[in-house]
**Student:** 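Handing you a structure now.
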Amino acid sequence: MTTPFPFTAVVGQDDLRLALLLNAVSPAVGGVLVRGEKGTAKSTAVRALSALLPAVPVVAGCRFSCDPAAPDPGCPDGPHEDTAGVSRPARMVELPVGASEDRLVGALDIERALAEGVKAFEPGLLADAHRGILYVDEVNLLHDHLVDLLLDAAAMGASYVEREGVSVRHASKFLLVGTMNPEEGELRPQLLDRFGLTVEVAASREPDRRVEVVRRRLAYDDDPAGFAARWADEESAVRQRIVAARELLPSVRLGDGALRQIAATCAAFEVDGMRADIVMARTATALAAWAGRTDVLAEDVRQAALLALPHRRRRNPFDAPGLDEDKLDETLEEFGGPDDDPDPDPGPDGPGGGGQPDPGDAPQGDGDTAARPEAGEDGQPRPSGAGEQSPARASEPFRTKVLSVPGIGEGAAGRRSRARTEHGRTTGARRPRGTLTKLHLAATVRAAAPHQRARGRSGPGLIVRRDDLRQATREGREGNLVLFVVDASGSMAARQRMGAVKGAVLSLLLDAYQRRDKVGLVTFRGSAAEVALPPTSSVDAAAARLETLPTGGRTPLAAGLLRAHEVLRVERLRDPARRPLVVLVTDGRATGGPEPVALAGRAARLFAADGVASVVVDCESGPVRLGLAGRLAAELGGTAVTLDELRADSIAGLVKDVQRRAA
């Protein structure tokens, strides 16, 4: 068995370690979402936490980890009566991003259930994680149907497996810990709210701290067991402190003054619902217990707010999580008063509980963010090159018409185009390829019925064999690759016009976020085109690149189309099942080089030859219009729409499929 990296040997990352320890003290806090750039010890810290958790008493032989003191009366392995308990280490179960539904919730043997009436159930990861940790690395990339199952289990504390009238239920209460890199896309709001706490991590920019990180990692890689032995005393001290804090937790008093501050803080920051208030109360109580106190102080409430509220203030996919600490301090001061709890002995970590298990370590992540373009006097980022116009501010986004790819695909689950998926309406049946996942009951009965006499059926039961089983084929929706190709040349550079263009692209990005698409951004201006953003699940990153997009120069339309065609070629090799949708934002003009219009037409016909769905957003304005964007759309084999027609509340009859003629 691999020796995990010691939790106390993680350099810095104080907020991350504190959030994990608070959940170890009080699992009711609700888990942790760790956001940050790659290579910042997110996974290392989470995996190290399980070694610090106290052992778990379980019923001997129970596959569902029932507590001997209070066994689940509905346990599939039960009933458990007067069963002796055994102790085992707390589990940390990892949910792979590409896991199947059966692997998560468990598999039910449909053939035995139909033929014999036996509930033969093989537990999944939700059963393994009961009374332990369920860890999802890259949680933002988890498929929607798995997210739905996680939400149900987290809300009910139980997992249900329903297959054609056969039902199995078992308890599933776990500490949900997820890590993610925001550059790869954001979480659905429903799942985001299920995490009790959130922590932002970043690698330190200070050389001494980075040196210490490298030194410890190399020492661990050379001799994992020896390195862990050197940190055994620190690990033991933290483990004992967790046990002591758990024992103290029921005695911690959450006074009316602290409760008033919690409620006022949640109201001041306009968080939705009441879950934030409850999580803050539990977190503040756990902070007091961790500090060895029985009273919750204002410092505990403040720290709880910093951990529990940032991700709940996100209003749209382009809002960065965060909290205005000045506003937080003003709220706490305003609603503090004579009912506040007294200031007792501050405990082993000083006032506020501190919470850092290894204060001598230099922090590995000090919260620094990547450098941003310097802002000018008008608040706009300065252009990066000489002669460029400063980027125009995007106009207010709006709800767009639905653009979809024609035909039926087989890509990743999403909400844009029709596709054959594991979830959706049933459209037919087929023989299963591999493990049966979705039984088509009527087709199975029809396949088995003609053979009942030959199989010697004598009773009311139906004799079903493997060859009779039929898999249901279903139609749902898929997410597509939406590749934006944006004209940033001088003909688009009028600030009011470019602001409207950016507003339209921003609106389409919002639509792509809601429909679970991947997005990419190609821009062209001057003499060349560039890939401003390779295909990614991070709509936020696309919006950020759009905001700082400079304009000016000639219009190398053909270069932009050729670069987009190359991006699609490479992406087709990486993800062949995901169908592309090209959104070309231009007025149709082409300048620079010999025969620029003819060259652009030839480049456009490459997309038509490959059958790539496309739409041209016509940005031409003014009383005299040349109609160049419409001609370009015809060369692409797609559809042209104006900025006004793009709005969902505009003229009725805008195409829903961007290639109506091919549908």
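Here the structure is a predicted model, which means the values were calculated and not measured.
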**Student:** Tell me every residue that passes salt bridge (charged side-chain N to carboxylate O under 4.0 Å, His left out) with R88, counting only those two or more places apart in sequence or in another chain.
**Tutor:**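 Residues passing salt bridge (charged side-chain N to carboxylate O under 4.0 Å, His left out) with R88: none at all.
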**Student:** Can you find a pair of side-chain heavy atoms, one from W290 and one from L21, that are under 4.5 Å apart?
**Tutor:**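 Counting from C-beta outward, W290 and L21 do come under 4.5 Å.
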**Student:** Does anything in residues 42-53 pair up under salt bridge (Lys or Arg N to Asp or Glu O under 4.0 Å), and if so which pairs, sequence neighbours excluded?
**Tutor:**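 Pairs touching residues 42-53 that pass the test: R47-E94.
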**Student:** Kindly indicate whether the side chain of R169, heavy atoms from C-beta on, has any atom under 4.5 Å from the side chain of D72.
**Tutor:**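 Yes - at least one pair of side-chain heavy atoms lies under 4.5 Å apart.
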**Student:** If you measure from SG on C75 to CG on D67, what distance do you get to the nearest 0.5 Å?
**Tutor:**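 One gets 12.0 Å once the value is rounded to the nearest 0.5 Å.
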**Student:** Of all the heavy-atom pairs spanning L134 and L150, show the shortest one and how long it is.
**Tutor:**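 For L134 versus L150, the nearest heavy atoms are CD2-CD2, 3.4 Å.
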**Student:** Go through the steps for D575 and R578 under the test salt bridge (charged side-chain N to carboxylate O under 4.0 Å, His left out), then give the verdict.
**Tutor:** CA-CA 6 Å; D575 191 359; R578 190 181 291 267; 3.1 Å; yes
**Student:** Filter on ring pair (Phe, Tyr, Trp, His ring centres under 6.0 Å), then keep only pairs touching residues 65-94, sequence neighbours left out; what's left?
**Tutor:**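 Not a single pair qualifies under ring pair (Phe, Tyr, Trp, His ring centres under 6.0 Å).
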**Student:** Between the side chains of R209 and E212, is the shortest nitrogen-to-carboxylate-oxygen separation below 4.0 Å, so that they form an ion pair?
**Tutor:**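 No salt bridge links E212 with R209.
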**Student:** Is a side-chain donor-acceptor pair under 3.5 Å present for S236 with Q240?
**Tutor:**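 Yes, side-chain donor-acceptor contact under 3.5 Å.
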**Student:** How long is the span from the CG atom in N181 to the CG atom in N140, to the nearest 0.5 Å?
**Tutor:**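 If I round to the nearest 0.5 Å, the distance is 7.5 Å.
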**Student:** Quick one: OG1 on T44 to CZ on F7, what's the gap to the nearest 0.5 Å?
**Tutor:**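 The distance works out to 11.5 Å.
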**Student:** So, R293 side chain and D295 main chain: donor-acceptor pair closer than 3.5 Å or not?
**Tutor:**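 Here the side-chain-to-backbone pair exists.
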**Student:** Just so I know, are the side chains of L53 and I133 near enough to count as touching, which here means a heavy-atom distance under 4.5 Å?
**Tutor:**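 Yes, side chains in contact.
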**Student:** What distance separates Q261 CD from E333 CD, expressed to the nearest 0.5 Å?
**Tutor:**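 If we round to the nearest 0.5 Å, Q261:CD and E333:CD are 10.5 Å apart.
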**Student:** Of all the heavy-atom pairs spanning H311 and L307, show the shortest one and how long it is.
**Tutor:**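 Looks like CE1-O, 4.2 Å.
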**Student:** Does the side chain of Y160 come within less than 4.5 Å of D152's, by heavy atoms?
**Tutor:**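 A side-chain contact is absent here, since even the closest heavy-atom pair is not under 4.5 Å.
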**Student:** Considering all heavy atoms of both residues, which atom of A99 and which atom of L95 are nearest to each other, and what is their separation?
**Tutor:**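 Closest approach of A99 to L95: CB-CD1, 3.7 Å.
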**Student:** If you compare all heavy atoms of D15 against all heavy atoms of Q303, which two are closest, and at what distance to 0.1 Å?
**Tutor:**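 That would be OD1-NE2, 4.4 Å.
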**Student:** List the steps and the verdict of side-chain contact (heavy atoms from CB on, under 4.5 Å) for V531 and L521.
**Tutor:** CA-CA 6 Å; V531 181; L521 178 62; over 6 Å; no
**Student:** Would D272 and R312 count as a side-chain contact (heavy atoms from CB on, under 4.5 Å) here? Give the steps.
**Tutor:** CA-CA 7 Å; D272 295 331; R312 293 186 165 88; over 6 Å; no
**Student:** Can you list every pair that meets ring pair (Phe, Tyr, Trp, His ring centres under 6.0 Å) and has a residue in residues 173-214, with sequence neighbours left out?
**Tutor:**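 Pairs touching residues 173-214 that pass the test: none.
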**Student:** Check S538 against V519 and note the closest heavy-atom contact, atom names and distance.
**Tutor:**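 Where S538 meets V519 most closely, the heavy atoms are O-CG2, 4.0 Å.
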**Student:** Side chains of residues 274-283: which donor-acceptor pairs under 3.5 Å do they make with residues two or more places apart or in other chains?
**Tutor:**
from: R275; atom 1: NH1; to: D193; atom 2: OD2; distance (Å): 2.3
from: R282; atom 1: NH1; to: A28; atom 2: O; distance (Å): 3.2
from: T283; atom 1: OG1; to: V279; atom 2: O; distance (Å): 2.7

**Student:** I would like to know whether T285 and R253 meet side-chain contact (heavy atoms from CB on, under 4.5 Å); could you show each step before the answer?
**Tutor:** CA-CA 8 Å; T285 303; R253 186 175 70 91; over 6 Å; no
**Student:** What is the distance from atom CG of L146 to atom OG of S100, rounded to the nearest 0.5 Å?
**Tutor:**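 Between L146 CG and S100 OG, I get 8.0 Å after rounding to 0.5 Å.
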**Student:** Check whether any side-chain heavy atom of R302 sits under 4.5 Å from a side-chain heavy atom of L328, and report yes or no.
**Tutor:**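 SC-SC contact between R302 and L328 confirmed.
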**Student:** Show the nearest heavy-atom pair for residues L481 and G520, with the distance to one decimal.
**Tutor:**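 Result for this residue pair: CD1-N, 4.4 Å.
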**Student:** Report yes if the side chains of T536 and K518 come closer than 4.5 Å at any heavy-atom pair, otherwise no.
**Tutor:**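 The answer is no, as the side chains (C-beta and beyond) never meet within the 4.5 Å cut-off.
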**Student:** Just so I know, are the side chains of V56 and P89 near enough to count as touching, which here means a heavy-atom distance under 4.5 Å?
**Tutor:**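 Side chain of V56 against side chain of P89, heavy atoms only: no contact under 4.5 Å found.
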**Student:** I'd like to check the salt bridge (charged side-chain N to carboxylate O under 4.0 Å, His left out) partners of D77; sequence neighbours left out, ordered by chain and number.
**Tutor:**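 Scan of D77 (salt bridge (charged side-chain N to carboxylate O under 4.0 Å, His left out), adjacent residues dropped) gives R63.
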**Student:** Would you give the length of the straight line joining atom NZ of K38 to atom OG of S43, rounded to the nearest 0.5 angstrom?
**Tutor:**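 One finds 13.5 Å between NZ of K38 and OG of S43.
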**Student:** Under a plain distance cut-off of 3.5 Å, with no hydrogens placed, do T3 and Y220 share a side-chain donor-acceptor pair?
**Tutor:**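 Their side chains do not contain a donor-acceptor pair, so the 3.5 Å distance test is not met.
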**Student:** What do the steps show when you test L18 against D14 for side-chain contact (heavy atoms from CB on, under 4.5 Å), and what is the final call?
**Tutor:** CA-CA 6 Å; L18 177 59; D14 297 333; over 6 Å; no
**Student:** Is there side-chain contact between T179 and V139, with heavy atoms separated by less than 4.5 Å?
**Tutor:**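 When only atoms from C-beta onward are counted, V139 and T179 do not touch, as no gap falls below 4.5 Å.
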**Student:** Can a donor-acceptor pair be found, under 3.5 Å and without considering hydrogens, that links the side chain of E235 to the backbone of P6?
**Tutor:**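 Flag not set: sc E235 to bb P6 has no pair under 3.5 Å.
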